[in-house]
Asker: 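Sending over a structure as structure tokens; questions will come in a sec.
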Amino acid sequence: MAKPAYHHGDLQLQAHLLALDTLRTHGDTAISLRALAKQLGVSAPALYRHFSDRETLLAELAIGGFESLRDRLEAVNQEVPRTALIEIGLVYVAFAQEEPNLYRLMFGGRVLPKGAHPRLDAAGKGAFQVLENTVARARDLGYLKPSPVSLMTAAAWSLVHGLSQLTIDGHLPGAKAEPMLTEGVLSLLLDGSRSNEQQQSQQD
């Protein structure tokens with residue numbers, strides 16, 4: 001008796017979730033469309049209708065990662081710019097520590113080179129824009145040096161990205177081992193700048 005055709009309205013979603021679970025556990029090298037199709041009990045052509053190739057699936061995982069990171073960054077309270085800068089950094093590093101393999105896929109460039117997937121590039125810019133807006137507001141209010149926003153954003157991003165990479169690769173202790181390390185390193189960008197108290201007294 002022939003095997004009945006597979007009908008599942010959520011095949012694309014199920015494949016995405018299974019691939020994400022595989023990524024988290026084993027890294028991106030463990031992901032293949034044929035293996036996913038076998039685990040889901042469908043034919044490889046059925047899965048290829050949703051993802052043209054392995055790289056397209058990995059790009060979708062990275063897009064989801066950037067969207068999640070952006071949502072977390074946007075949830076940071078922006079009322080006090082200096083505090084927001086520190087909190088943005090803490091959230092960024094925490095994301096990397098919670099999702100190390102996803103973070104590596106998002107920023108590695110080895111598997112997903114810039115320019116190859118426009119939606120992925122747009123998702124990355126969306127997360128970056130939250131950081132840039134926070135830096136711009138803090139600079140305008142005197143918490144940072146009056147340097148170009150692009151330069152200050154590059155400095156802030158280099159700091160949080162480098163710290164994230166070093167912690168998830170085991171070169172620096174993570175938040176559980178050294179809970180104050182991340183905040184201490186991030187505050188270096190603000191040393192010598194206007195304090196929260198100075199800004200509040202000026203507003204009063």
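For clarity, every value in this text was computed on a predicted model and none was experimentally measured. Numbering of residues begins at 1 and proceeds along the displayed sequence.
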Asker: Counting C-beta onward and ignoring hydrogens, is there a side-chain heavy-atom pair between L17 and D21 closer than 4.5 Å?
Answerer: no
Asker: Taking it one step at a time, do F128 and T153 satisfy side-chain contact (heavy atoms from CB on, under 4.5 Å)?
Answerer: CA-CA 9 Å; F128 179 80; T153 304; 3.4 Å; yes
Asker: When you look at E55 and H117, which way does the side-chain hydrogen bond (donor to acceptor under 3.5 Å, both in side chains) test go after all the steps?
Answerer: CA-CA 9 Å; E55 187 175 295; H117 302 276; 2.7 Å; yes
Asker: Measuring from atom CZ of R104 to atom OG of S164, what distance do you get when rounded to the nearest 0.5 angstrom?
Answerer: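 With rounding to 0.5 Å, CZ (R104) is 11.0 Å from OG (S164).
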Asker: Roughly how far, to the nearest 0.5 Å, is the CG atom of L33 from the CG atom of L40?
Answerer: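 These two atoms lie 10.5 Å from each other.
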Asker: Give, for atom OG1 of T134 and atom CD1 of I88, the distance between the pair rounded to the nearest 0.5 Å.
Answerer: 4.0 Å
Asker: Taking all heavy atoms of L120 and all of A59, pick out the closest pair and write down the distance.
Answerer: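 Smallest interatomic distance, heavy atoms only, reads CD1-O, 4.2 Å.
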Asker: L36 vs L57, test: side-chain contact (heavy atoms from CB on, under 4.5 Å). Steps then yes/no.
Answerer: CA-CA 11 Å; L36 290 173; L57 172 57; 3.3 Å; yes
Asker: Taking all non-hydrogen atoms of both residues into account, name the closest pair between L85 and A138 and its distance.
Answerer: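 Heavy-atom minimum between the residues: CD1-CB, 3.4 Å.
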Asker: Could you tell me which non-hydrogen atom of L102 sits nearest to which non-hydrogen atom of G65, and how far apart they are?
Answerer: CD2-CA, 3.8 Å
Asker: Distance-only, no hydrogens or angles: does the S68 side chain make a donor-acceptor pair with backbone N or O of G64 under 3.5 Å?
Answerer: no
Asker: Please determine, by modelled atom types, if T56 and D53 share a side-chain donor-acceptor pair under 3.5 angstrom.
Answerer: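 Note: T56 and D53 side chains meet the donor-acceptor criterion.
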Asker: Looking at S147, is its backbone amide N or carbonyl O close enough to the side chain of R139 to form a donor-acceptor pair, meaning the two atoms are under 3.5 Å apart?
Answerer: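 Yes.
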Asker: Supply the atom-to-atom distance E74 CD to L69 CG, rounded to the nearest 0.5 angstrom.
Answerer: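 It comes to 10.0 Å.
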Asker: Membership question, hydrophobic clusters at under 4.5 Å side-chain separation (ILVMFWY): are L18 and Y48 in the same one?
Answerer: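 Hydrophobic grouping puts Y48 with L18.
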Asker: Mind checking the CD-CD spacing from E183 to E87? Nearest 0.5 Å is all I need.
Answerer: 8.5 Å
Asker: Side-chain contact, heavy-atom cut-off 4.5 Å: P173 with T167?
Answerer: no
Asker: Would D28 and R54 satisfy side-chain contact (heavy atoms from CB on, under 4.5 Å), going step by step from the backbone distance to the final call?
Answerer: CA-CA 10 Å; D28 66 82; R54 175 178 178 274; 3.7 Å; yes
Asker: Whether R72 and E98 form a salt bridge (side-chain N of Lys/Arg under 4.0 Å from carboxylate O of Asp/Glu) is what I want to check.
Answerer: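 The answer is yes: the pair qualifies as a salt bridge.
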Asker: Please name the pair of heavy atoms, one in N101 and one in L23, separated by the smallest distance, quoted to 0.1 Å.
Answerer: ND2-O, 3.0 Å
Asker: With side chain to side chain donor-acceptor pair (under 3.5 Å) as the test, pick out the partner of Y103 among H161, Q97, Q165.
Answerer: H161
Asker: List the atom of L112, the atom of L58, and the distance in Å for their closest heavy-atom pair.
Answerer: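 What the structure gives for the nearest pair is CD1-O, 3.7 Å.
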Asker: Side chain of R137, backbone of Q78: donor and acceptor closer than 3.5 Å?
Answerer: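 Checking the backbone N and O of Q78 against the side chain of R137, a donor-acceptor pair under 3.5 Å is found.
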Asker: Could you pull out the closest heavy-atom pair between L186 and L90, with the gap in Å?
Answerer: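 Closest approach of L186 to L90: CD1-N, 3.5 Å.
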Asker: Determine whether V149 and L144 fall in the same hydrophobic cluster, where Ile, Leu, Val, Met, Phe, Trp and Tyr are linked whenever their side-chain heavy atoms lie under 4.5 Å apart.
Answerer: no
Asker: Any donor-acceptor pair under 3.5 Å linking the side chain of D169 with the backbone of H171?
Answerer: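 Such a contact is absent between D169 side chain and H171 backbone.
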Asker: To the nearest 0.5 Å, what is the distance between CD on E99 and CD1 on I168?
Answerer: 10.5 Å
Asker: For side-chain contact (heavy atoms from CB on, under 4.5 Å), just list the numbers for R119 and F66, CA-CA rounded to whole Å, side-chain angles, deciding distance to a tenth of an Å, and then say yes or no.
Answerer: CA-CA 11 Å; R119 287 182 57 243; F66 277 117; over 6 Å; no
